Each structure stands twice: as C-alpha cells, then as structure tokens.
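Chain identifiers are assigned alphabetically (A, B, ...) following the order of the sequence lines, protein sequences preceding nucleic acid strands; residue numbering begins at 1 within each chain. Computed from a predicted structure; not experimentally measured.
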Protein chains: 2
Amino acid sequence: MRYRAGLQTQAKILDATRKLIAESGLEGTTIKAVCERAGVLPGSFYNLFDSKEQAVLTVVRQAIDAADPDPEQLGNESLKDLVEAYVRFVTGQGDLARVYIGIAVSGSRGKPELRGRVLRHHQARVSRFRQAIEKERPGLSEQDSTRRAETLVTSLNGVALHRVLDPKFDVAVHARALLEGATT
Amino acid sequence: MRYRAGLQTQAKILDATRKLIAESGLEGTTIKAVCERAGVLPGSFYNLFDSKEQAVLTVVRQAIDAADPDPEQLGNESLKDLVEAYVRFVTGQGDLARVYIGIAVSGSRGKPELRGRVLRHHQARVSRFRQAIEKERPGLSEQDSTRRAETLVTSLNGVALHRVLDPKFDVAVHARALLEGATT
DNA sequence: ATCGTGTTTGAGTATTCACTCTAATTTGAT
DNA sequence: ATCAAATTAGAGTGAATACTCAAACACGAT
C-alpha cells in the first residue's frame, strides 16, 4: 500500500466498516457488505487487510481514541471537562460511539484481543476520572475517589448505551446529574 | 407439544439456549451448538420451534420478566427494594442478566420485535422507579422525578454492563451510591 | 392391544460466510 | 517510454449456517 489509489481504497473500506458496525453491529458487518458499500471487490479488501478482524480492530481503535479527549493534557482537566467531552463524543460522533458501546457489550466475547483492549481502556479512563475527582475533593481517600470514578464512568456508559437504543434520549441532562452525584 | 417428552425437550432446549447466549452471545448460539448441549437433533428443535429466533425470543422474554421483582406488588415497594432486586438479578442470575444486557444492544438492531420489547420494558421500569422516588421525596415535580428515575435505571444498566466484562466488579457498592444520588 | 398423533432421527438442501488465486490493469519512479 | 510493483477484477474454495423432510419410533387415550 504505497500508491494513492491504495490509500483511498483503504479509507473507503474503513468508512464502510465503521458505518456498518454502527448500523448493524459486528454480526451484520460482513466482507460482502463492506465491499459493496465501499464500492470494492473482495480481492481489493484482502490486498489491504489480512483479515476482517484487522479492519474491525482498526475501527475500534479509532472509536476508543475518540472517546478520550486531548490525550496530551492528561491530568490537567476538570471532571466537568471530562464529562462534557464524553457527552460530545456520544452525541456528536454517533457512529464511533455506537461502535464503542456495541463492542463493549457484544464484541468482547471470545475475542481476547478486543476484550483486553476495552478493559485496559476502561481502567485508564477510571484513573483519569479519579484524578479529576481528587482535585475537586482533596479530602477523599483513594478508595473512595476510585469508587466514585468507577460509578461515574460505568453510569455514563449506561446513559450512552440507552441513547443507542433511543436517539431522543437526552444524554447531557443525565450526565450533568451524574457529575453532581460524583462530587457531593 | 402435548406429551411429557416434548415438554422436557423444550425445557432442555431453552436451558441450552440461555446458557449459550450467556457464554458466547448471539453469534455463538448456533442451532448445532444448542442441539448438542441439549442432547437433541435439529429435527427435534424444529418440531418445537419455528425458528432459531423464536427460541432466542423466548429466552429473552424470560430474562426481561426475571429483571422485575414481584410484579404483583407493583407500586408498593420502596426504591431501595427495587435497586436491591436489580442487584440480586444481576449478581445472582448472571446468565439471564447477560442475555438481557447483550440483547439490549446487539440484538435489537435490525430486529424491531426485540427493540420494541426492550424499550417498552425500559419505560415500564422507569415509571416504577419514578413512583418509588416520588414516595420518598413527595416534593419533586413529575419532570424531576422522571429524570431521576431515568438516570438511575440507565446508570444501573451501565454498572450491570460492566459486570459482564469484569465479573469481579462490585455491583452492590455502586448501586448503593446511585441509590443515594437519586434521593438527595 | 390398537391406532392416531406427537416425537425423534439423521441425512440432506440451499445459502452465506471469510477468504484465495490468477490474470489483467494501473501506477509512478526512472 | 519502460518496467517492476501495487492494485483490481471476479470467479471460486471449503466450511458453517439455518432449516427441511420422510421414515421410524414412542406415547397414551380408547
């Protein structure tokens, strides 16, 4: 993959894969469907990717990266910043958010690669939230701040999950309530 | 299906289906796998069920029913009762809880039957939680109590979701924290 | 004991899946 | 313009899928 044509084809395939996962989950994401939507034939797909799983993993990596804001400023942002960034991710990048949530539930079974990646990401996220909580409430024990961070992160995922089912669900309102609950 | 043998076979098939969905998701739940685990041949399966989807739907219906405590005492239980019942369901009936959570995301796509069922059940659940909240905090507006109930129910789902990924995750602790957040 | 009906058998069907292969075409540095 | 390498075309592979069917068998009311 060194020519322009190859790079364009790769982008088209990844776009198609992302949209298909968001629309119909891993189950509905077949090579045939991806190729049809990308306007490409299977031969081209396998010229650029070793397997279907490789393409899926690339998209999942994109989704996980997109769920975290400004990785450079790690440790310098407020809890409100973190929550708002997640709300923006869920409401503004619907496709990636659906991939993220969908993988967290169904895609991790029997696929250690995916499961490990999701769990590692979750842990990093909890740690980041914990730091922000400790900055806001310096008196808390580490155990307590960790517990609050875990409750907040998993609850936010639950709210995001419901938005996948009901697009009218107001994520921002519930995120605000959870934010308040975590700091009082 | 009128003889005892048929009823026994039906029960064996549903048990196998439930366990397989819990272990390996919808994707891994094939007719062959279900039949092998149930000690039955495909012909017997299709003598009792019209399709794979029918068997899956039956299991999902069981899971949804099991998520609600004492349907007869509707409206008479405290918020704490409701939360504790959900924790018991998630921690004690892992199989069904996994089916419920998994279906809510991955299974509902492209299957209006399932999607509608899940959303209707969610609405009933929110309404039940709202009533309990209003009894605990009589001063709240309906809009406010509804918002609190929605936050609580979706957050509990998020906590339960994470337990699917990490069996060591302490659901009870986080459920308690969410319960407190909903009533203060 | 008989007989209609429910149940099981187990091979068989059509389809779809991820993936391969070879030949033809396109690319871009020279 | 040339040519090696990158890319594409598109039919084809074997395995797995959901599902079917006719024949054998088991049940239980009579």
Side-chain angles (χ1 to χ4, degrees), chain A residues 1-21 23-60 99 102-103 106-107 109-114, chain B residues 1-21 23-60 99 102-103 106-107 109-114:
Chain A
M1 176 206 72
R2 254 186 310 225
Y3 295 169
R4 271 199 304 275
L7 292 172
Q8 279 174 16
T9 301
Q10 194 186 39
K12 282 194 292 184
I13 288 174
L14 289 177
D15 282 349
T17 304
R18 184 184 320 112
K19 280 171 185 158
L20 273 171
I21 295 178
E23 281 172 21
S24 31
L26 276 185
E27 204 176 347
T29 305
T30 66
I31 296 291
K32 194 184 165 210
V34 167
C35 289
E36 269 173 13
R37 183 168 298 211
V40 148
L41 287 173
S44 293
F45 181 96
Y46 284 100
N47 176 51
L48 293 162
F49 297 92
D50 289 341
S51 66
K52 172 187 162 183
E53 195 179 356
Q54 193 190 83
V56 168
L57 242 157
T58 303
V59 169
V60 170
V99 172
I103 292 298
S106 64
R109 275 190 277 243
K111 293 171 186 173
E113 173 75 29
L114 276 180
Chain B
M1 176 204 72
R2 255 187 308 230
Y3 293 168
R4 271 199 303 276
L7 292 173
Q8 280 173 14
T9 302
Q10 196 184 39
K12 282 193 292 181
I13 288 175
L14 288 177
D15 282 349
T17 304
R18 186 182 320 109
K19 280 173 184 158
L20 273 171
I21 292 179
E23 282 173 19
S24 31
L26 273 186
E27 203 177 347
T29 305
T30 66
I31 297 290
K32 194 185 164 209
V34 167
C35 289
E36 269 173 13
R37 183 168 299 209
V40 149
L41 288 174
S44 291
F45 181 96
Y46 284 98
N47 176 52
L48 292 162
F49 298 92
D50 289 339
S51 66
K52 172 187 159 181
E53 193 177 359
Q54 192 189 86
V56 169
L57 243 158
T58 303
V59 168
V60 171
V99 175
I103 289 298
S106 66
R109 278 190 274 240
K111 291 174 185 171
E113 170 77 28
L114 277 180

[N] phosphate, OP1 or OP2: any side-chain N/O from [X] under 4.0 angstrom?
{"X": "B:T9", "N": "C:dT8", "answer": "yes"}
{"X": "B:T30", "N": "D:dA16", "answer": "no"}
{"X": "B:R4", "N": "D:dG28", "answer": "yes"}

Identify which nucleotide among [options] has an atom closest to any side-chain atom of [X], counting heavy atoms from C-beta outward.
{"X": "A:N47", "options": "D:dA18, D:dA5, D:dT8", "value": "D:dT8"}
{"X": "B:S44", "options": "C:dA18, D:dT8, C:dT9", "value": "C:dT9"}
{"X": "B:K32", "options": "D:dC19, C:dT7, D:dT17", "value": "D:dT17"}
{"X": "A:Y3", "options": "D:dC19, D:dT7, C:dT5", "value": "D:dT7"}
{"X": "A:L41", "options": "D:dC19, C:dC19, D:dG10", "value": "D:dG10"}
{"X": "A:P42", "options": "D:dA11, C:dA18, C:dT9", "value": "D:dA11"}

Atom [atom1] of [X] to atom [atom2] of [N]: distance rounded to whole Å?
{"X": "B:Q10", "N": "C:dT8", "atom1": "CD", "atom2": "C1'", "answer": "16 Å"}
{"X": "B:Q8", "N": "C:dG6", "atom1": "CD", "atom2": "C1'", "answer": "14 Å"}
{"X": "B:Y46", "N": "C:dT7", "atom1": "OH", "atom2": "P", "answer": "18 Å"}
{"X": "B:F45", "N": "D:dC19", "atom1": "CZ", "atom2": "P", "answer": "8 Å"}
{"X": "A:I31", "N": "D:dG12", "atom1": "CD1", "atom2": "C1'", "answer": "16 Å"}

Rounding to 0.5 Å, atoms OG1 (B:T29) and NZ (B:K19) come to a distance of 13.5 Å

Could you pick out which residue, B:S51 or A:G43, lies toward the 5' side of DNA chain D when each is mapped onto its nearest nucleotide?
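Residue closer to the 5' terminus by nearest nucleotide: A:G43.
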
The test is side-chain contact (heavy atoms from CB on, under 4.5 Å); show your working for B:S44 and B:L48 and say whether it passes.
CA-CA 7 Å; B:S44 291; B:L48 292 162; 5.6 Å; no

